[in-house]
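Residue numbers run from 1 in the order of the sequence given.
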Amino acid sequence: MQAHSRILRGLLTVALTFSLTPALTTVAPAATAWTEGKHYFLINPPRVPSVPPGKVEVTEVFSYGCPACNLFVPIMHKLQKTLPANAVLDYLPASFNPSEDWPMFQLAYLTAQSLGVADQSHDAMFDAVWTTRELSVIDPATQRIRDHLPTIDDAARFYNRRSGVPVDKFVSTAKSFAVDVKVRSTEDAIQAYKVDRTPTIIVNGKYRLYPQSAGSNDDVIELVNWLVAKETK
């Protein structure tokens, strides 16, 4: 009787296992089906990327004065680590929020880029605005915009401490014709990409996406890599 019961229990276990197998397989996550017009948006006409043939340009449109961009910094680090070797990551500083000093931050980034110190100071600049607050646009006491916003001279002193660029050299470079051309080119690109918020990711001058459109921060990483693969083909 006991042997019969053990056999019966064994048969029931096998039957239950097979009956659950389809249900278990149905809950396995499937690859995300990315949809144009929902998760990402086609840029029409596309803008020719500024990278060599065979490379795919991935651009973050950002501002140091943007709190969402500050929170997005770790995601950009994670994205950079996942991108394939043929992808080139760069940054485009926006200026469309003048009340929070974005034009100054744009000028500071493009000046630092001209002097070859933008990349090495990128994270530190966010910290200067949002952590140490030496370049903050928000008064921590009132949580309102400061009466006196940081100037390009303030940014020059930051880059002097961080990268050793003389203050007068930074300021004179910021006023140079070459940087003025960079500013105009940046504004043209942002308009061509139809960027209306930050952070925004542009892939190879053809596709525009946001964390909100992708779904989540992790989805941004997956979607960008999918678009890079699409462009690589």
Side-chain angles (χ1 to χ4, degrees), residues 59-80 90-115 117-175 179-180 182-184 186-187 189-191 193-202 208-220:
T59 303
E60 182 195 7
V61 183
F62 79 102
S63 174
Y64 290 123
C66 162
C69 299
N70 179 52
L71 296 174
F72 201 64
V73 169
I75 308 306
M76 289 303 297
H77 289 324
K78 188 174 180 180
L79 173 62
Q80 186 172 22
D90 59 18
Y91 298 91
L92 205 61
S95 69
F96 48 70
N97 191 353
S99 66
E100 296 183 13
D101 218 16
W102 287 23
M104 192 284 292
F105 289 124
Q106 180 192 69
L107 179 60
Y109 177 84
L110 295 174
T111 302
Q113 188 181 61
S114 295
L115 293 168
V117 297
D119 290 345
Q120 68 191 61
S121 306
H122 190 58
D123 290 1
M125 188 66 162
F126 273 112
D127 289 340
V129 177
W130 298 103
T131 303
T132 67
R133 295 186 178 275
E134 65 179 287
L135 293 175
S136 175
V137 299
I138 304 296
D139 185 336
T142 64
Q143 292 302 306
R144 295 182 179 178
I145 297 174
R146 293 181 185 273
D147 291 334
H148 302 288
L149 295 175
T151 65
I152 197 65
D153 296 87
D154 296 321
R157 285 186 283 272
F158 161 81
Y159 282 105
N160 173 253
R161 290 192 298 272
R162 181 71 189 180
S163 305
V165 177
V167 172
D168 57 348
K169 181 177 181 180
F170 192 94
V171 173
S172 63
T173 303
K175 297 176 180 178
V179 169
D180 183 61
K182 274 181 169 288
V183 169
R184 293 174 187 273
T186 296
E187 289 297 307
I190 290 174
Q191 290 184 21
Y193 294 146
K194 298 179 174 62
V195 174
D196 62 359
R197 71 195 77 178
T198 53
T200 291
I201 304 293
I202 306 296
R208 183 182 66 251
L209 64 107
Y210 326 101
Q212 301 91 333
S213 67
S216 72
N217 289 335
D218 286 338
D219 288 331
V220 167

Output yes when a side-chain donor or acceptor of S172 lies under 3.5 Å from a complementary backbone atom of K169, and no otherwise. yes
Please examine the side chains of F170 and N160, heavy atoms only from C-beta on, and report whether any two atoms are closer than 4.5 Å. no
Which heavy atom of A214 sits nearest to which heavy atom of D219, and what is that distance? O-CB, 3.4 Å
Main chain of V165, side chain of S163: is a donor-acceptor contact present, judged purely on distance under 3.5 Å? no
Does the side-chain contact (heavy atoms from CB on, under 4.5 Å) test come out yes or no for Y64 and N70, once each step is laid out? CA-CA 7 Å; Y64 290 123; N70 179 52; over 6 Å; no
Please report, to 0.1 Å, the donor-acceptor pairs under 3.5 Å made by any side chain of residues 103-110, with sequence neighbours excluded.
from: Q106; atom 1: NE2; to: P93; atom 2: O; distance (Å): 3.0
from: Q106; atom 1: NE2; to: E187; atom 2: OE2; distance (Å): 2.6

Is W130 reaching over with its side chain to a backbone N or O of L71, donor-acceptor style, under 3.5 angstrom? no
Nearest heavy-atom pair of A155 and L135: which atoms, and what distance? N-CD2, 4.1 Å
Step-by-step salt bridge (charged side-chain N to carboxylate O under 4.0 Å, His left out) determination, R157 to D153: CA-CA 6 Å; R157 285 186 283 272; D153 296 87; 5.2 Å; no
In terms of side-chain geometry, is the basic nitrogen of D101 or R146 positioned less than 4.0 Å from the acidic oxygen of its partner? no
Evaluation steps, side-chain contact (heavy atoms from CB on, under 4.5 Å), between T198 and F96: CA-CA 10 Å; T198 53; F96 48 70; 3.9 Å; yes
So how far is it from Y193 OH to T200 OG1, rounded to the nearest 0.5 Å? 12.0 Å
T59 side chain to D90 side chain, donor-acceptor N/O pair below 3.5 angstrom: yes
Using only heavy-atom distances, determine whether the side chains of S99 and N97 contain a donor-acceptor pair under 3.5 Å. yes
Taking every non-hydrogen atom, the tightest pair across N217 and P211: OD1-CB, 4.2 Å
Distance check, rounded to the nearest 0.5 Å: M76 atom CE versus F126 atom CZ? 9.5 Å
Close side-chain approach of V61 and P199, heavy atoms under 4.5 Å: no
For K78 and D218, what are the C-alpha separation, side-chain angles and deciding distance, and is it a salt bridge (charged side-chain N to carboxylate O under 4.0 Å, His left out)? CA-CA 9 Å; K78 188 174 180 180; D218 286 338; 3.1 Å; yes
Distance-only side-chain donor-acceptor flag, T173 / T111, under 3.5 Å: no
Side chain of S121, backbone of A124: donor and acceptor closer than 3.5 Å? no
Parallel, tilted or perpendicular, as decided by the 30° and 60° cut-offs, for the rings of Y91 and H122: tilted
To the closest 0.5 Å, what do you measure between CD1 (I138) and CD (E100)? 5.5 Å
Interatomic distance, CG@L149 vs OG@S136, rounded to 0.5 Å, equals 9.5 Å
Quick one: pull up SG in C69 and CD1 in I75 and give me the separation to the nearest 0.5 Å. 12.5 Å
Please give me the minimum heavy-atom distance between A94 and I190, naming the atom from each residue. CA-CD1, 3.6 Å
Are a donor atom and an acceptor atom from the side chains of Y210 and R208 found within less than 3.5 Å of each other? yes
In Å and rounded to the nearest 0.5 Å, what is the NE2 to CG distance from H77 to D123? 3.5 Å
Are side-chain heavy atoms of F62 and L92 found at a separation under 4.5 Å? no
